[in-house]
Amino acid sequence: MLKGRAIFLTGGGTGLGRSMALHFAKLGARVFVVGRREQPLMEVCDEIHRNGGSAAFAICDVRNAAEVEAAAAAADQQFDRIDTLINNAAGNFMARTESLSPNAFNAVVGIVLNGSFHCTQAFGKRWIEQKLGGNVLNIVTTYASANCGSGFVVPSACAKAGVLAMTTSLAVEWAKYHIRLNAIAPGPFPTEGAWSRLMPSKQFEEHARDKHPMKRFGRHEELTNLATFLISDMAEYINGECVVIDGGQWLRGAGEFNDLAMLPDAAWEQMESARAKK
Ligand code: HXC
Ligand code: NAP
């Protein structure tokens, strides 16, 4: 499905980024992964090479526009031309907002919002000049929606909402250049990076799973399949869209009566028979 494609993927050394890199390579794409740590990037590239695929990496802190520009140039040189960008790199942690330092806020917003902008602009300007179009997929979150948000992860909520605004804005501004921008809003997908920072305890993890309408977290292949579809030629007319992939988790919190899911059958039966007697 992705034969001949060349993909620049931020945060491609770990978690969902790693899963996407391996999956895209399996489907024929050449993959250029970036991040701050060499080891995980090297390991992903080695694995892709062992499986007969094509991959390369560069150390790059996406907060730094000059580093992004250098990595974009290296990627273009490596694969002739990058045609797809996945803004997946992120920073996040849970904290009470009143205790955040300015630097803590900046650390997350710098990675998520500034980083996504740096990468998008670096490739957008190339694609406009080359007149060959391009494809951007931004990995956001379900709480990125401006009328949602989430307490205790306010820098991330602000930054992801900004990325979503960039997605919809540029989908229109750059459509005439055949550049598509879409987003995926994942619910909970177990990764070391997210779990170590956002899951306070085993008990909380069980509570989150139990509250989930499907009683399970996402599987990486479910997300990589969706990402593949959105960047593929099969989705050529999808532009400026954000697809939620969370098994109905955020809707579970939205419906006023959804907590009734906790009522045991016996309680329903009792209410029903009481109604029948009236
Ligand atoms: C409060 C914190 C903090 C915490 C760091 N800081 N952790 N403040 N609570 N838990 C503060 C520091 O004290 C510092 O402020 C500032 O943030 C920068 O911290 P550094 O460690 O110096 O920054 P840096 O090395 O750049 O690391 C950035 C990071 C880190 C975001 C803090 O966690 C990181 O590298 N994360 C990358 C991977 C990641 O976060 N993955 C999870 C993505 S999951 P001061 O003032 O002291 O200098 C995700 C999914 C969401 O997004 C949805 C899940 C369901
Ligand atoms: P992860 O493994 O921690 O992924 C984050 C990646 O970003 C890491 O590879 C990290 O590599 C890279 N990164 C961080 N700061 C960077 C910087 N300044 N420059 C370049 N790269 C940087 O977490 P994940 O769970 O897979 O998250 C992947 C994406 O999915 C994120 O956008 C996240 O918000 C989103 N998401 C995840 C979940 C979930 O449940 N897992 C839910 C919703 C959304 P280095 O540290 O080496 O730089």
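Just so you know, residue 1 is the first one in the sequence shown, and it goes up from there. Remember, it's 1-based here, ligands and their atoms both numbered in the order they're listed.
Residue contacts with ligand 2 include Pro186, since one of its heavy atoms falls under 4.0 Å from the ligand. Not a single heavy atom of Asn92 sits closer than 4.0 Å to an atom of ligand 2. Contact annotation: Gly187 has at least one heavy atom less than 4.0 Å from an atom of ligand 2. Contact annotation: Cys60 has at least one heavy atom less than 4.0 Å from an atom of ligand 2. Using 4.0 Å as the threshold, Thr10 has no heavy atom nearer than that to any atom of ligand 2. Within the structure, ligand 2 lacks Leu41 among the residues with a heavy atom less than 4.0 angstrom away.
Residue-to-ligand polar distances place Arg36 within reach of ligand 1: an N/O pair is separated by less than 3.5 Å. By the 3.5 Å distance cut-off applied to N or O atoms, Arg63 is counted among the residues near ligand 1. In terms of polar-atom proximity, defined here as any N/O pair under 3.5 Å, Val62 does make such a contact with ligand 2. The shortest N or O to N or O distance between Asn103 and ligand 1 is under 3.5 Å. Backbone and side-chain nitrogen or oxygen atoms of Tyr143 are examined, and none is located within less than 3.5 angstrom of a nitrogen or oxygen of ligand 1.
Given atom 44 (S) of ligand 1, the protein heavy atom at minimum distance is Ala194 CB, 3.7 Å. Of all protein heavy atoms, the one lying nearest to atom 47 (O) of ligand 1 is Ser101 OG, 4.4 Å. Of the protein's non-hydrogen atoms, the one nearest atom 4 (C) of ligand 1 is Phe93 CD1, 3.4 Å. The nearest heavy-atom contact from the protein to atom 41 (N) of ligand 1 is Arg197 NH1, 3.6 Å. Of all protein heavy atoms, the one lying nearest to atom 19 (O) of ligand 1 is Ala107 CB, 4.7 Å.
Salt bridge annotation for Arg81-Asp76: absent, with no cationic side-chain nitrogen under 4.0 angstrom from a carboxylate oxygen. Of the charged side-chain nitrogens involved, at least one lies within less than 4.0 Å of a carboxylate oxygen, so that Glu205 and Arg209 count as a salt-bridged pair.
When distances from atom 11 (C) of ligand 1 to the protein are checked, a heavy atom turns up under 4.0 Å.
Residue Pro188 touches ligand 2 through its backbone alone, judged by heavy-atom distances below 4.0 Å. For Ile111, every heavy-atom contact with ligand 2 shorter than 4.0 Å involves the side chain, none the backbone.
Close contacts of ligand 2 with Lys160, meaning ligand atoms under 4.0 Å from a residue heavy atom, involve 31 (C), 32 (O), 33 (C), 34 (O).
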Arg37 and Gln39: side chain to side chain contact (heavy atoms under 4.5 Å, CB included), yes or no, with the steps?
CA-CA 6 Å; Arg37 288 166 297 153; Gln39 190 65 25; 5.6 Å; no

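Listed by first then second residue, pairs satisfying side chain to side chain donor-acceptor pair (under 3.5 Å) with a partner in residues 137-156 read Asn87-Asn138, Asn92-Tyr143, Asn92-Ser156, Asn138-Thr167, Tyr143-Ser156, Ser145-Asn147, not counting sequence neighbours.
With sequence neighbours excluded, no residue forms a ring pair (Phe, Tyr, Trp, His ring centres under 6.0 Å) with Trp268.
Taking each heavy atom of Gly12 and Ala21 in turn, the nearest pair found is O-CB, 4.2 Å.
Put simply, the residue from Asp246, Asn258, Asp259 that forms a side chain to side chain donor-acceptor pair (under 3.5 Å) with Arg252 is Asp259.
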